[in-house]
Amino acid sequence: MKKLILIRHAKSSWEHDVIDHKRPLSKRGIKDANLVAKQLKSLEFTADLVLISDATRTTLTANIILPELNIDKEKIVLTHDLYDFSGINLTKVIKNCKDHLETLLVFGHNHAVTGFVNAYGSAYIDNVPTCGVVVIEFDTNEWPNISSGKTLTSIFPRDLRP
């Protein structure tokens, strides 16, 4: 069995005059990432490998969430290949993972995340919101062979806010 934890970056800020790749998180994005981090910690999520888009908003989201999960830094990889909106690179990156990895945690972007979730998961999600988490399990031992998986859970910040 393979388990994939997909996280869309938290809400970014449009207040800064920077290129898309460099946009930081908004105040709400930071709050939401902290809420999700606490929820993931309470559920004792972990991963054998963490792949993160090298965009600023994605790395900042990961920097808030990962310390709560106590994942070794050598298991964390930044990659420009995940700065992907169509989902082609996202799927390719996931399917190219080494088979000894049981649980993969990926921080990415929309529409790639929502598209992947709906193509490979068992539950249709209209739009994975910013800082949304979706966990999918696949009945295979090889990442290149993932196809129809089972959506185990989804965690959305709006459901965690007081």
Side-chain angles (χ1 to χ4, degrees), residues 2-37 39-40 45 47-66 69 71 75-98 101 103-138 143-160:
K2 300 294 182 197
K3 185 184 288 183
L4 174 65
I5 305 163
L6 271 174
I7 303 179
R8 181 179 170 195
H9 66 77
K11 183 138 186 79
S12 61
S13 173
W14 292 88
E15 295 177 18
H16 307 276
D17 186 23
V18 295
I19 62 170
D20 180 74
H21 193 265
K22 298 288 184 189
R23 274 192 292 123
L25 295 179
S26 68
K27 289 178 185 172
R28 189 183 103 193
I30 293 167
K31 288 179 186 175
D32 285 352
N34 279 293
L35 286 172
V36 168
Q39 182 69 15
L40 291 174
F45 275 69
D48 300 311
L49 179 66
V50 179
L51 300 173
I52 307 165
S53 162
D54 64 356
T56 300
R57 60 193 178 274
T58 319
T59 59
L60 291 173
T61 302
N63 288 343
I64 293 169
I65 292 174
L66 292 176
L69 304 182
I71 295 173
K75 294 181 179 182
I76 300 169
V77 178
L78 290 178
T79 176
H80 189 72
D81 289 341
L82 289 174
Y83 184 64
D84 171 36
F85 305 98
S86 70
I88 294 169
N89 285 347
L90 173 63
T91 301
K92 191 183 303 182
V93 167
I94 292 167
K95 287 190 170 202
N96 281 326
C97 284
K98 304 284 186 202
L101 303 167
T103 303
L104 179 63
L105 172 56
V106 177
F107 289 84
H109 303 267
N110 240 8
H111 296 282
V113 170
T114 297
F116 187 95
V117 163
N118 289 326
Y120 289 89
S122 59
Y124 178 79
I125 299 173
D126 184 51
N127 180 52
V128 176
T130 51
C131 214
V133 179
V134 179
V135 181
I136 303 173
E137 187 174 67
F138 299 96
W143 286 106
N145 295 337
I146 62 171
S147 57
S148 296
K150 179 181 179 188
T151 304
L152 299 179
T153 191
S154 58
I155 301 166
F156 298 156
R158 67 175 173 252
D159 300 327
L160 303 175

In terms of heavy-atom contacts, Ala47 and Leu105 come closest through CB-CB, 3.7 Å
Please walk me through it: do Phe45 and Val135 pass side chain to side chain contact (heavy atoms under 4.5 Å, CB included)? CA-CA 10 Å; Phe45 275 69; Val135 181; 3.4 Å; yes
Test item: Ile125 and Val134 side chains (from C-beta on) under 4.5 Å apart, heavy atoms: yes
Residue pair Ile71 / Ile76: nearest heavy atoms and the distance that separates them: O-CD1, 4.3 Å
If you look at every heavy atom in Leu49 and Cys97, which pair is closest and at what distance? CD2-SG, 4.4 Å
Would you check if the side chain of Asp32 reaches a backbone N or O of Val36 as a donor-acceptor pair within less than 3.5 Å? no
Interatomic distance, CD@Gln39 vs CD1@Ile155, rounded to 0.5 Å, equals 5.0 Å
Closest heavy-atom pair and its distance - Arg158, Pro129: NH1-CG, 4.0 Å
Residues, nucleotides or ligands: over 12 heavy atoms within 6.0 Å of Lys95 NZ: yes
Tell me if the CG atom of Leu101 is crowded by more than 12 foreign heavy atoms within 6.0 Å. yes
Taking it one step at a time, do Tyr83 and Asn89 satisfy side-chain hydrogen bond (donor to acceptor under 3.5 Å, both in side chains)? CA-CA 8 Å; Tyr83 184 64; Asn89 285 347; over 6 Å; no
In a check of side chain to side chain contact (heavy atoms under 4.5 Å, CB included) between Ile52 and each of Thr61, Leu66, Val77, which one passes? Leu66
Under 3.5 Å: donor-acceptor pair, side chain of Asn34, backbone of Ile30: yes
Phe85-His109 aromatic ring centre distance below 6.0 Å: yes
Before giving the answer on side chain to side chain contact (heavy atoms under 4.5 Å, CB included), spell out for Leu104 and Ile94 the whole-Å C-alpha distance, their side-chain angles and the decisive distance to 0.1 Å. CA-CA 8 Å; Leu104 179 63; Ile94 292 167; 4.2 Å; yes
Grab the two heavy atoms, one from Leu82 and one from Phe107, that are nearest each other, plus how far apart they are. CD1-O, 4.1 Å
Give, for atom CG of Leu160 and atom NZ of Lys31, the distance between the pair rounded to the nearest 0.5 Å. 14.5 Å
Under the criterion side chain to side chain contact (heavy atoms under 4.5 Å, CB included), I'd like the reasoning laid out for Ile7 against Leu40: C-alpha separation, chi angles, the key distance, then a yes or no. CA-CA 11 Å; Ile7 303 179; Leu40 291 174; 4.0 Å; yes
Inter-residue atom distance Ser122.OG - Ile136.CD1, 0.5 Å rounding: 7.5 Å
Report the distance from atom CG of Leu78 to atom OG1 of Thr58, rounding to the nearest 0.5 Å. 9.5 Å
May I ask you to test the Asp126-Asn118 pair for a side-chain heavy-atom distance under 4.5 Å? no
Mind jotting down which residue pairs meet the side chain to side chain donor-acceptor pair (under 3.5 Å) criterion with at least one end in residues 5-15? Sequence neighbours excluded, please. His9-Arg57, Ser12-Arg23
Using ring-ring contact (aromatic ring centres under 6.0 Å, His included) as the criterion, list what pairs up with Tyr120, not counting sequence neighbours. Phe116
Using atom types as modelled and distance alone, determine if a side-chain donor or acceptor of Thr114 lies under 3.5 Å from a backbone N or O of Asn110. no
So for atom NZ, which belongs to Lys2, do other residues, nucleotides or ligands contribute more than 12 heavy atoms lying within a distance under 6.0 Å? yes
Do His21 and Asp54 meet the criterion of a side-chain donor-acceptor pair at a distance under 3.5 Å? yes
Let me confirm one number: the OG-CG distance from Ser154 to Leu6, rounded to the nearest 0.5 Å. 12.0 Å
Is there a donor-acceptor contact under 3.5 Å linking the side chains of Asp84 and Ser86? yes
On a heavy-atom basis, which atom in Pro157 and which in Leu35 lie closest, and how many Å separate them? O-CD1, 4.5 Å
